[in-house]
Amino acid sequence: MFVVMAVGATDEEVNGVKSHILAEGLTPHDNRGAERVVIAVVGEVGPRKELLMSRLAALPGVETVTPISRPFKLTSREFHPEDTVIRVLDAVIGDGTLTIIAGPCSVESRDQLLETAEAVAAAGATVIRGGAFKPRTSPYTFQGLGVEGLRYLAEARERTGLPVITEVMEPAQVEVVADYADILQVGARNMQNYPLLTAVGRAGRPVMLKRGFASTVEEWLMAAEYIVSSGNPNVLLCERGIRTFETYTRNTLDLTAVPLLHHLTHLPVVVDPSHATGKRWLVKPMALAGVAAGAQGVMVEVHPRPDSALSDGDQSLTFDQFRTLAAALRTIHDEFGDLQGDPVPAAALGLTAGLSKH
Ligand code: PEP
Ligand code: MN
């Protein structure tokens, strides 16, 4: 449930509500919006729900107490109506500007990464990507350069001034990856690795959470809820395609998820048409479609010589293709950047009526 404080409620009144929640063995999380404070009550409420709601509604400074039928709370739009904006170095994600994350699938060598980083930065990328610890389907394929790759990513940041993002696969790696990278990536295969989600929640770096390829939007938001409830509000969602019966493409980019997420959550959303399609020539149309659907950004794989890439060459763009794509993305973003679907009636979002004093 959410406790919506009245406009102008005092700190003392807010603290009074929070103490009451704590005394019930539950955890209060407050969102101090421009107008008012909303307090989410997190924990197992059980059968005392009705009684607790009326007790909270009677406290001074409380305007309404709203039960929320959905399981995600801190990541929900009701709790936090304003869009989350993530600031990392000079990059700003989720503020209405276009985020373009680009770089190779894997960091293969210092030269390969720096050459790619400089090319994509010159063409308008805002974040550099590159995998150092790689989650490969086969144990016999290239597994990444590990810490050596992280060092090259840090060098790419120095050269370009852009933040770098890289994947972390297990809790024990979080500290070292956070030492080198500006944004931590949790990959599709680890979306429901709860110890990892909790660990990145405590790492003090923004996290990009990719959608598991067999996960529903709700499971994805519950995974994000693990990170946010561990103390990290800076979570970016990445739609990277889900597995369907279609086999021409590697996965199926779920574009509907983009406007849907904008209604359900305040977290920024980017699309990854590289892993979704698995084919270089399909990346541009789907990247443009993602931005036209309201995504705040895209992530694409780029390689100096895609045909000799050690991973995901088939879906990696050449530098020329990336330049063309970046220019086209800006045009689409200028035209449709604020298109986030039509307003949805509250009932359609699963909201139930609040308990109000008025
Ligand atoms: C990646 O972005 O490097 C990656 C492995 O993607 P995914 O987790 O979406 O498969
Ligand atoms: Mn890849």
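Atoms within a ligand are numbered from 1 in the order they appear, just like the ligands themselves. A quick note: this is a predicted structure, and the numbers were derived from the prediction, not measured.
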Residue pair Glu301, Arg129: steps toward the salt bridge (Lys or Arg N to Asp or Glu O under 4.0 Å) verdict: CA-CA 8 Å; Glu301 290 183 333; Arg129 69 150 281 149; 3.4 Å; yes
Candidate pair Arg211 and Asp254, rule salt bridge (Lys or Arg N to Asp or Glu O under 4.0 Å), full reasoning: CA-CA 10 Å; Arg211 180 179 186 176; Asp254 181 9; 2.8 Å; yes
Residues Arg36, Glu63; criterion salt bridge (Lys or Arg N to Asp or Glu O under 4.0 Å); working and verdict: CA-CA 10 Å; Arg36 60 172 86 238; Glu63 186 162 296; 3.6 Å; yes
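Ionic pairing of Glu167 and Lys210 is not present here: no N-O contact between side-chain nitrogen and carboxylate oxygen is shorter than 4.0 angstrom. Asp312 and Lys134 are not joined by a salt bridge, as no carboxylate oxygen comes within less than 4.0 angstrom of a charged side-chain nitrogen.
Around the Mn ion (ligand 2), protein atoms of type N, O or S found under 2.8 Å number 4.
Under a 4.5 Å side-chain heavy-atom cut-off, the cluster of Ile, Leu, Val, Met, Phe, Trp and Tyr residues that includes Val7 has no other member.
The minimum heavy-atom distance between Pro28 and Ile21, with the atom names listed, is N-CG2, 3.8 Å.
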Using a 3.5 Å cut-off and no angle test, enumerate the donor-acceptor pairs between side-chain atoms of residues 145-154 and protein atoms at least two apart in sequence or in another chain.
{"unit_1": "Glu148", "atom_1": "OE2", "unit_2": "Tyr152", "atom_2": "OH", "d": "2.6"}

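Protein residues having a heavy atom under 4.0 Å from any atom of ligand 1 are Arg129, Lys134, Pro135, Glu167, Gln185, Gly187, Ala188, Arg189, Lys210, Arg240, His275, Met299, listed by chain and number.
Counting only distance, with no hydrogens or angles, the side chain of Glu225 and the backbone of Leu74 share a donor-acceptor pair below 3.5 Å.
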